[in-house]
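In what follows, every chain begins at residue 1, and chains take the letters A, B, ... in the order their sequences are listed. The figures that follow rest on heavy atoms only: side chains count, while hydrogens, waters and symmetry mates do not.
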Amino acid sequence: MSATPAPDTADTPAHRYTGALAQQIEARWHDRWDAAGTFNTPNPVGPLAGPGADKPKTFILDMFPYPSGAGLHMGHPLGFTATDMYARYQRMAGRNVLYTMGFDAFGLPAEQYAVQTGQHPAITTNQNIDNIRRQLRRLGLSHDPRRSVSTTDPDYYRWTQWIFREIFNAWCDPDTKKARRIDELVAEFDAGTRAAKTGDWATMSKAERRRELDQWRLAYVSDAPVNWCPGLGTVVANEEVTADGRSDRGNFPVFKRNMRQWMMRITAYADRLLDDLDLLDWTDAIKAMQRNWIGRSEGATVHFPVAGHDGERITVFTTRPDTLFGATFMVLAPEHPLVDTLTTAEHADAVAAYRRAAEAKKDVDRQDENREKTGVFTGAYAVNPLNGQQIPVWIADYVLMGYGYGAIMAVPCGDQRDFEFARTFGLDIVAIQAPTDGRGTDCSTWADAFVGDAPYVNSSNDSLNLNGLATKAEGVSATNAWLEAHGHGHATITYKLRDWLFSRQRYWGEPFPIVYDADGNPHALPADMLPVLLPDTDQFSPRTFDPDDAMSNPESPLDRLGDWVEVTLDLGDGPQTYRRDTNVMPQWAGSCWYELRYLDPTNDDAFVAPENEAYWMGPQGTKADGTPHPGGADLYVGGVEHAVLHLLYSRFWHKVLFDLGHVSSVEPFHKLFNQGYILAAAYTDERGMYVDAHAVEERDGTYTFEGRPVTREYGKMGKSLKNALDPMDLCELYGADTLRVYLESMGPLDASRPWESKDVVGAHRFLQRVWRNIIDEDTGTVRTLAEEPSTDTLRVAHRTIAAVSEELDNLRFNTAIAKIIELNNHLTKLGGCPASLADTLVTLVAPFAPHMAEELWARLGHTDSITYAPFPVADPAYLVAETVEYPVQVNGKVRSRITVSTDAPAADVEAAALADDKVQAALGGGSPKKVIVVPGRMVNIVA
RNA sequence: GCCCGAGUGGCGGAAUGGCAGACGCAGAGGACUCAAAAUCCUCCGAUUGAAAGAUCGUGUGGGUUCGAGUCCCACCUCGGGCACCA
């Protein structure tokens with residue numbers, strides 16, 4: 001279903017603002033802006049230094065796009081024009097604005113396309129980037145073109161590799177939780193002020209010392225369980241695995257396998273990533289998602305001795321150490337290493353069978369809806385350290401090896417899962433709290449576990465007595481102190497966050513700046529050997545496997561390039577033969593720091609000069625609420641789908657760079673704004689298949705496709721629902737300015753909104769009226785009104801100025817546009833725009849419809865671009881009227897209106913209200929009990 | 001199950017605790033026109049009324065308040081995130 005602008009007819013005035021004229025105007029200004037370098041933004045120092053870098057700054061950032069072959073979809077201009085409007089407004093408000101656009105161009109689609117066509121991904125990637133640059137230009141986005149970067153450019157990924165090298169050469173000091181250089185760790189080992197993990201540093205061999213250091217690095221090779229995806233032929237990060245155990249790209253099964261892979265020690269930053277969320281101006285929803293993903297939980301580590309196994313103990317993590325007296329059994333994950341040791345001969349067969357079943361069930365059948373509790377007894381007994389009771393040890397798959405210690409103490413009276421397990425297998429349930437809901441302490445009568453604060457019972461031994469305490473907080477701290485004092489455990493914090501799996505067995509990504517010596521030790525290449533160029537090949541695909549072949553092994557495309565892999569280098573010990581690392585970095589690597597490269601994109605000496613970083617991203621003192629400003633981009637707009645992956649990874653890298661002294665900002669993105677999706681009607685036929693939405697016809701509320709009825713639904717605009725619209729087609733029809741105004745006026749930026757093609761004409765008509773209020777449609781000459789505007793008109797104009805500034809400051813583009821429409825409608829009623837208000841009207845419109853504004857600005861006689869014209873400032877004198885109309889309520893219902901002078905005291909307003917005939921009638925002769933006068937707003941009389 | 005959001009005319013949406021429905025679309029009427037389109041003007045929540053007005057009205061039910069779309073409690077529906085996380 002489509003709508004088109006009114007067709008041009010023979011008597012359409014020659015100079016009407018039609019789609020065709022809009023396009024002429026727009027093309028003209030694109031050329032002029034390019035030729036003049038209008039949006040070039042000066043830096044304080046370096047190649048892009050220039051005058052103006054002493055002004056206050058605003059750094060406005062969009063999530064940069066993947067350069068898909070299909071070009072931009074409608075969601076891109078939604079966010080991009082919003083930031084453009086804000087950028088243009090900020091420039092007119094006198095700020096130095098950094099605003100540009102780069103490309104997140106490594107990744108799977110380009111590689112897969114290359115596999116299909118045999119064309120090198122660099123070629124298609126560059127073609128796609130050129131195409132998207134053309135599209136961005138057509139939308140009139142005021143990017144500084146000199147600052148545009150692509151993650152695939154060797155001049156860019158040189159620094160991605162350089163940062164990797166910095167991370168590799170760093171360790172996280174556990175005392176301060178800050179990254180430090182590995183040299184400082186060596187110095188501490190040498191001085192004996194820090195103990196090595198793997199032995200006595202002083203007596204270690206060179207190779208042993210190297211292995212010790214490798215254990216501390218923030219980027220490290222680990223032989224640990226990773227997510228192996230045979231269907232993609234690569235491993236993927238935890239964050240890239242969906243809840244049902246499949247890859248988010250391609251939807252292939254993912255298997256847990258032990259493999260040697262690169263990891264990033266993001267867990268060392270868990271607390272800071274969590275705590276510093278408080279410094280950020282992000283929505284609570286996104287903060288909650290990050291908190292949830294980090295999954296910090298406070299509790300205790302408790303050791304349970306095993307009966308009959310001297311020295312053997314089961315260690316568990318619990319968030320409720322206060323309920324330890326109620327622990328009546330223990331459960332290990334089926335994969336727990338102690339299972340073999342503990343299982344008695346009598347139970348060995350059952351345990352082995354259960355473990356096999358659990359193994360098979362993994363990943364695929366995991367999302368069992370009914371979640372019946374299963375498990376088997378090992379035959380072993382553990383000893384509750386608090387009361388000496390022997391409790392049975394079971395294994396069950398509801399306990400996960402990957403969290404805590406892979407073992408739990410089960411307190412069935414206070415945990416619903418343990419309760420269900422105990423009921424299923426007839427295990428003891430003992431109350432250790434007197435529930436506050438009156439159910440009593442006989443657990444055999446309970447329907448479920450009791451969770452919450454309640455007085456403790458049955459909770460004492462010789463040296464610890466919880467009975468009488470009534471809150472979890474008191475119980476936990478008393479128990480933790482006891483555990484610590486008696487050597488049975490200690491307070492502990494655990495996280496759901498795992499270290500970040502950083503290597504991929506693909507082609508189209510950044511090579512690692514790492515080589516291995518003859519002993520297999522990794523060495524980071526020195527900075528002057530960067531970049532490690534991605535070698536040329538015509539075999540772009542990794543070996544992929546049957547998606548279900550869990551035991552297959554990855555083969556990276558780079559593995560096949562023997563000439564490239566084998567390399568002779570002098571890394572300080574004379575020329576030696578090394579093997580290059582054949583992994584590439586995940587797509588997230590390039591997007592972890594691109595905002596920093598925008599600041600200084602052509603700097604050859606550093607990824608960003610410190611002066612430029614401090615100017616654009618440095619902390620801005622203390623915020624209004626007293627918290628320190630963390631620095632970072634002033635505005636970051638993008639979709640909510642990156643809430644965990646990109647935003648968590650880039651925060652981590654930024655903090656490492658901060659610790660190592662490379663940046664002054666603590667966080668990369670100070671204010672984050674999540675744009676909504678563009679939804680559009682989609683239609684399914686009787687088989688439930690989507691049909692081309694643009695060919696559906698509506699008649700009297702029913703929809704048909706090729707004569708057959710179809711069902712309408714709404715979904716995210718896109719190819720899969722066959723309801724996508726190309727933003728370029730809209731530019732063709734109406735011009736970019738109309739598309740911009742429509743996109744931003746249809747609702748608040750953070751809301752998803754349904755596209756309605758028939759509504760676009762409203763935005764177009766608005767711009768047409770602005771044009772007509774200034775330009776004669778027949779002659780094309782300026783036709784502003786000579787007479788001075790009335791006070792009434794000036795009031796409307798200045799109220800509009802004040803409101804638009806206010807709305808723009810808060811990114812409320814939809815209401816800002818509505819206010820300008822009101823002003824313009826007022827001028828339309830006057831018969832045109834008074835000459836003395838023309839500049840004001842045009843500058844108000846400029847952030848929204850910049851091409852039309854430039855054109856009108858020029859025709860009004862200005863020779864400079866409107867880009868840096870000052871945004872109008874409201875004259876306070878016109879913001880207050882001489883008289884004000886008060887609604888008068890009687891008992892909360894509006895009964896009348898009175899007009900009094902603006903500065904009338906409340907007593908006069910009250911008197912005027914009471915004197916009003918309609919008010920008197922509503923009062924029915926009675927006298928008011930109370931009169932409330934809200935100055936400037938209203939009067940309410942309580943009768 | 002848990003954690004976030006959101007429910008307002010025919011539609012998209014607007015409202016620092018203070019006149020609900022700004023602005024736009026659709027719709028109705030009028031002006032202009034030979035006519036149509038475009039443009040301009042007026043109307044446009046429901047019920048009732050000739051009109052003035054009256055009554056009702058922001059998912060449902062309670063509450064706080066002189067006054068609630070807005071704040072509080074409970075519930076319903078939809079959207080998003082997490083999900084046997086100890």
Check the interface with nucleotides 25-30 of chain B: list each N/O to N/O pair with the protein under 3.5 Å, or write none.
from: C25(B); atom 1: OP1; to: Arg765(A); atom 2: NH1; distance (Å): 2.6
from: C25(B); atom 1: O2'; to: Lys758(A); atom 2: NZ; distance (Å): 3.2
from: C25(B); atom 1: O2'; to: Asp759(A); atom 2: OD1; distance (Å): 2.7

Q.
Quick check for you: among A54(B), C4(B), A14(B), whose closest atom lies nearest to any side-chain atom of Ala285(A)?
A. C4(B)

**Q.** Shortest non-hydrogen contact from Leu21(A) toward Arg16(A)
**A.** CD2-O, 3.1 Å

Q. Is there a donor-acceptor pair closer than 3.5 Å between any side-chain N or O of Trp771(A) and the backbone N or O of His15(A)?
A. yes

Q | N-glycosidic conformation, G59(B) - syn within 90 degrees of 0, else anti | A | anti

Q) Heavy atoms under 4.0 Å, any strand shown: does Ile932(A) hit a base, just sugar-phosphate, or nothing? A) base

Q: Classify the nucleic acid contact of Thr318(A) as base, sugar-phosphate or nothing, counting any heavy atom under 4.0 Å across all strands shown.
A: sugar-phosphate

Q: Take atom CD of Glu806(A) and atom C1' of U16(B), then tell me their distance rounded to the nearest Å.
A: 9 Å

(Q) Can you pull out every side-chain hydrogen bond (donor to acceptor under 3.5 Å, both in side chains) where at least one residue sits in residues 810-824 of chain A? Sequence neighbours excluded, please. (A) Asn773(A)-Asn824(A), Glu807(A)-Arg812(A), Glu807(A)-Thr815(A)

(Q) What contact category does Lys287(A) fall into here, base, sugar-phosphate, or nothing, at under 4.0 angstrom with non-hydrogen atoms? (A) nothing

**Q.** Each stem that RNA chain B is part of, given as range with range (3 or more consecutive Watson-Crick or G-U pairs, under 3.5 Å)
**A.** B:1-7 with B:76-82, B:10-12 with B:23-25, B:27-31 with B:39-43, B:45-48 with B:53-56, B:59-63 with B:71-75

Q. RNA chain B: Val939(A) or Asn814(A), which has the more 5' nearest nucleotide?
A. Asn814(A)

Q) How many Å lie between CG on Asp284(A) and P on G81(B), as a whole number? A) 18 Å

**Q.** Side chain of Ala818(A) (C-beta onward), nearest among G81(B), C41(B), A22(B)
**A.** A22(B)

Q.
Classify Met746(A) by what it touches in the nucleic acid, base, sugar-phosphate, or nothing, heavy-atom distance under 4.0 Å.
A. sugar-phosphate

Q: Compute both the distance and the angle, then confirm whether Lys496(A) meets the cation-pi test with Tyr403(A): under 6.0 Å from the six-membered ring centre, within 45 degrees of the axis.
A: no

